[in-house]
Amino acid sequence: MLDPAAHSTEVAQQLLGATLHGPAGAGRIVETEAYGGSEDPASHAARGPTRRSEIMFGPPGRLYVYLIYGMHHCANVVTGPEGDGQAVLIRALEPVGDTTAMESLRPVRRRRDLTNGPGKLCAALGIDRTHNDVDLADPMSPVWVEERPEAPADEQIVTATRIGLSVAVDTPWRWYLRDSEWVSAR
DNA sequence: GTCAAGATTAGT
DNA sequence: CTAATCTTGACG
């Protein structure tokens, strides 16, 4: 069962198979990355709370959204004990249900480009910084996480290094579902 | 105040 | 491989 108060490395794996709901649609989580607090140099929380990262230091189970490269939003689940600064980045989704709204919000050539990346999935689901700090456990929230009906088999879960970093490049804190067509990178 | 870098993406 | 685009956080 999903326990946001657990360490981000555990929650990252618990989130695989869960469904992320946003204003414009929903998708099954197929790829995640864990970020730690002060012990993780790649984390926004590495140097203590700042105006951007303060949400990471708040209660677990809330949404942390940030803008990267001036144009893409990334969605994270705050995890761990309050004050620690951990979070899990949602990197890829398999679309669930009607994708009409998602596709009109973010037109793509290939269908797989709709949600196979952290910036892409936010654009498709309509998630941005206005959703910062929402309670992900509440189905009434504009953005929330529906717990998975059952855990994926162990052999379906692949452990890998995180993407796009310039530090801590060897830390194997990325997880994805082996058979998913929607994973952002192998 | 100034400035380099960034948990990305689409296009050449 | 590179441009796009702008916020953040470090430094002074």
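The sequence lines fix the lettering, A, B, ..., with proteins before strands; numbering per chain opens at 1.
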- Note on the structure: With sugar-phosphate taken as primed atoms, P, OP1 and OP2 and all else as base, the protein-contact string of nucleotides 1-12 of chain C at under 4.0 Å (heavy atoms; B, S, -) is ---BBBSSSS--
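- In this structure, A/Leu63 and A/Ile127 have side chains that are in contact, with non-hydrogen atoms separated by less than 4.5 Å.
- Taken from SG in A/Cys74 to CD in A/Glu33, the straight-line distance is 9.5 Å, to the nearest 0.5 Å.
- In this structure A/Thr100 satisfies the side-chain hydrogen bond (donor to acceptor under 3.5 Å, both in side chains) test together with A/Asp98, sequence neighbours excluded.
- Comparing A/Arg109 and A/Arg91, the nucleotide of DNA chain B nearest to each residue sits closer to the 5' end for A/Arg91.
- In terms of phosphate contacts, A/Ser166 brings a side-chain nitrogen or oxygen within less than 4.0 Å of OP1 or OP2 of B/dG6.
- In this structure, A/Asn76 reaches the bases: a heavy-atom distance under 4.0 Å links it to at least one base atom across the strands shown.
- Using a 4.0 Å cut-off between a side-chain N of Lys or Arg and a carboxylate O of Asp or Glu, A/Glu31 and A/Arg174 qualify as a salt bridge.
- A/His7 is linked by a ring-ring contact (aromatic ring centres under 6.0 Å, His included) to A/Trp173, counting only residues two or more places apart in sequence or in another chain.
- Between the CE atom of A/Met56 and the P atom of B/dA7 there is a distance of 11 Å, rounded to whole Å.
- Between A/Leu121 atom CG and B/dT8 atom C1' the separation is 12 Å, expressed in whole Å.
- Considering only residues two or more places apart in sequence or on other chains, A/His21 meets the ring-ring contact (aromatic ring centres under 6.0 Å, His included) condition with A/Trp144.
- Atoms CD1 (A/Ile163) and C1' (B/dG6) sit 16 Å apart, rounded to a whole Å.
- For A/Arg111 and A/Thr99, the side-chain atoms include at least one donor-acceptor pair closer than 3.5 Å.
- Atom CZ of A/Arg174 is separated from atom P of B/dT8 by 11 Å (rounded to the nearest Å).
- Residues satisfying the ring-ring contact (aromatic ring centres under 6.0 Å, His included) criterion with A/Phe57, sequence neighbours excluded, are absent altogether.
- Remark: the separation of the P atoms in B/dT2 and C/dT5 is 23 Å, to the nearest Å.
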- Task: Determine which bases of DNA chain B form Watson-Crick or G-U wobble pairs with both distances under 3.5 Å, and write the result as a 5' to 3' dot-bracket string with | for other-strand partners.
- Result: ||||||.||||.
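- Rounded to a whole Å, the CZ atom of A/Arg110 is 10 Å from the P atom of B/dG11.
- With contacts defined as side-chain heavy-atom distances shorter than 4.5 Å, the pair A/Arg162/A/Tyr35 qualifies.
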